[in-house]
Enquirer: 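Quick one: this structure, given as structure tokens, is what I'll be asking you about.
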Amino acid sequence: MRFLDRHKVFAVLLLTGAFLAACHHRPSKKENAIRAELRQALRAHEFEKAADLARRIVQSAPTDNGARERLVRAQLASRDLTGAKQTLEDWRRDIRNPSEKIDEYTGDLALAENDPTRAMDFWSKAVAIKPKRPRVLEKIARMQSAQGHWNEAEQSWTSALQTRESATARINRAICRHHLHYWEDALEDFHRAYDLAPGDPEVQRAGKLFEQLSNIVDAVRDLDGRLAVAPKDAGLMCDRALLFLRAENAELALKDSENAATLAPWAVRPKLFQAIALIQLARFSEAEQLGARRPLHVDLLTPEFLQSISRIDADISVERTNADLYAARAWQLNEIAQPTLALQDAEHAAQLNPKSAGACAEKSYALKKLGRDAEAFDQIKRATELDAQFATAWQYRGELEMARADYNGAIESFSRALALNKSAVILQKREQCYREVGLLAKAEQDHRAMEELIAKAMQ
């Protein structure tokens, strides 16, 4: 009986040894050489070559998780998505307990196929199985950042940093914190990232952003405090957006100006700041949809213009049906070469007061800049009909008549303008018209009057 038992034990041990030998594949010298060549190909970014080498290893070691991983990595890097999908399916089928990396790469494939939700699901699954995976945590954090989920992204970068300190995680957490308005923490992360890797491309790209933030942080903190007391003050929000624009921080400027536009849809300052931010972000079509016209950047907005437009916006917030305010704002917008926005205000002013000569004049200026010459002339003509004492309208009417080669009409309009407001510019233009129609004596007379006016102004 004991003899039989010993033989049974021996048989079991023999079978177990055979099974373990099959499970623990020992690579040959040739296979080791292929593995070394595969590692080199991956380092050199020769991904098609790497995929071919990885397939050979998979064939000789079908239960090797590492070989499957390297194969799918090479396929994803070479954009062979069909091959990567097949590799992942084979990996799940052929290996009973595949590495948790299979979920990471399934997430990578989903992202490559423009399915970020599925990608996030698989990356989260990979982290749940093995939490200390900084590479996967970074993928999750980058996705959250791309989607503007700054709180979640900040937490994910923090988890990555708890696993492994890196300049990449620091600089990206700094960016999240700056979006969350955690100014001191953001600057601290930036400085730490710079200490770790001053030559890192991500650190260098963000360098200007944080240097500019350092310059305005005190003024921003002041506005933060005032907004904490009055969170629905669109004017304060615009003031902060302007600070961000001057610091070339278009993303934060856009967020503040969008919020201000929601709170004060009648105001034009938020719309201008939105457009400038969108142009800084190269989102030109969206800026055009707002009615903005390039070139438009913050340096074109003088302190005088900003003060005037802020005051008019504030006045309109109280008097929404005051046609003169909209006409005045249209004038300001025409002055900074924004005819589409100016036309919107001028048309609104004309609706509120059909007899507003100022509204007609501003419509004319805007229409001319938009290339709608015939309509522009009709509007300036109506402006002079509504207000015969409108010197500026008479002058502009004369300029449009000159452009139409109606020199006699222009002489009449310039004469009406000069009777109301003697100006060297108008005298010069009427002189040109007199010369065009051959009235040289009158032209010389205007020329002398112009020189006398200029000399008097210089005294």
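The structure presented is a predicted model; accordingly, all values stated were derived computationally and were not measured. Atom set for the values below is all heavy atoms of this structure, side chains included, hydrogens, waters and symmetry mates excluded.
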Enquirer: Walk me through it: do Arg133 and Glu100 pass the test side chain to side chain contact (heavy atoms under 4.5 Å, CB included)?
Expert: CA-CA 10 Å; Arg133 292 284 306 283; Glu100 77 283 346; 3.2 Å; yes
Enquirer: So, applying side-chain contact (heavy atoms from CB on, under 4.5 Å) with Met120, which one of Lys125, Lys139, Met143 is it?
Expert: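 Option passing the side-chain contact (heavy atoms from CB on, under 4.5 Å) with Met120: Met143.
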Enquirer: Would you say that His181 contacts Arg240 through its side chain, given a criterion of any heavy-atom pair below 4.5 Å between the two side chains?
Expert: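 SC-SC contact between His181 and Arg240 confirmed.
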Enquirer: Run the numbers on Phe47 and Leu42 for side chain to side chain contact (heavy atoms under 4.5 Å, CB included), then give the verdict.
Expert: CA-CA 6 Å; Phe47 297 116; Leu42 287 170; 4.2 Å; yes
Enquirer: Quick one: ring-ring contact (aromatic ring centres under 6.0 Å, His included) pairs with a partner in residues 334-372, sequence neighbours left out?
Expert: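 Residue pairs passing ring-ring contact (aromatic ring centres under 6.0 Å, His included), neighbours aside: Tyr326-His348, Tyr365-Tyr396.
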Enquirer: Verify side chain to side chain contact (heavy atoms under 4.5 Å, CB included) between Thr384 and Arg416, making sure each step is shown before the conclusion.
Expert: CA-CA 10 Å; Thr384 57; Arg416 296 289 294 268; over 6 Å; no
Enquirer: Looking at Asp103 and Arg92, is any side-chain nitrogen of the basic one under 4.0 Å from a carboxylate oxygen of the acidic one?
Expert: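 Looking at Asp103 together with Arg92, the answer is yes, because their closest N to O distance falls below 4.0 Å.
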Enquirer: If you apply the rule salt bridge (charged side-chain N to carboxylate O under 4.0 Å, His left out), what do you find for Asp378 with Arg372, and how did you get there?
Expert: CA-CA 10 Å; Asp378 288 343; Arg372 295 159 63 178; over 6 Å; no
Enquirer: Mind checking whether Glu138 and Arg135 have side chains closer than 4.5 Å, heavy atoms only?
Expert: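 No, every pair of side-chain atoms sits at 4.5 Å or beyond.
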Enquirer: So, Arg311 and Asp315, do they make that salt bridge, N to O below 4.0 Å?
Expert: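 So Arg311 pairs with Asp315 through a salt bridge.
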Enquirer: Could Arg435 and Glu444 be called an ion pair, given the rule that one side-chain N must be under 4.0 Å from one carboxylate O?
Expert: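 Salt bridge present between Arg435 and Glu444.
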Enquirer: So that I can tick it off, tell me whether Arg329 and Glu362 are bridged by a salt bridge, with the cut-off set at under 4.0 angstrom between side-chain N and carboxylate O.
Expert: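 Looking at Arg329 together with Glu362, the answer is no, because their closest N to O distance does not fall below 4.0 Å.
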Enquirer: Hey, mind stepping through Glu401 and Arg397 against salt bridge (charged side-chain N to carboxylate O under 4.0 Å, His left out) and telling me if it holds?
Expert: CA-CA 6 Å; Glu401 286 165 333; Arg397 176 172 171 171; 3.2 Å; yes
Enquirer: For Glu48, I'd like to know if atom CD has over 12 heavy atoms of other residues, nucleotides or ligands within 6.0 Å.
Expert: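 Atom CD in Glu48 is not crowded, with 12 or fewer foreign heavy atoms closer than 6.0 Å.
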Enquirer: Indicate every side-chain donor-acceptor pair of residues 292-301 with a distance under 3.5 Å to a residue at least two apart or in another chain.
Expert:
residue, atom, partner, partner atom, Å
Arg293, NH1, Lys369, O, 3.1
Arg293, NH2, Lys369, O, 3.3
His297, ND1, Asp299, N, 3.4

Enquirer: Of Arg173, Arg177, His179, which is the lone residue that meets side-chain hydrogen bond (donor to acceptor under 3.5 Å, both in side chains) with Glu154?
Expert: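 Output: one option passes, namely Arg177.
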Enquirer: I would like to know whether Gln332 and Ile336 meet side chain to side chain contact (heavy atoms under 4.5 Å, CB included); could you show each step before the answer?
Expert: CA-CA 7 Å; Gln332 294 286 343; Ile336 63 163; over 6 Å; no
Enquirer: Could Glu452 and Lys456 be called an ion pair, given the rule that one side-chain N must be under 4.0 Å from one carboxylate O?
Expert: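 Salt bridge: no.
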Enquirer: Between Phe190 and Tyr194, what is the ring plane arrangement, given parallel below 30°, perpendicular above 60°, and tilted in between?
Expert: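 Aromatic pair Phe190/Tyr194 classed tilted.
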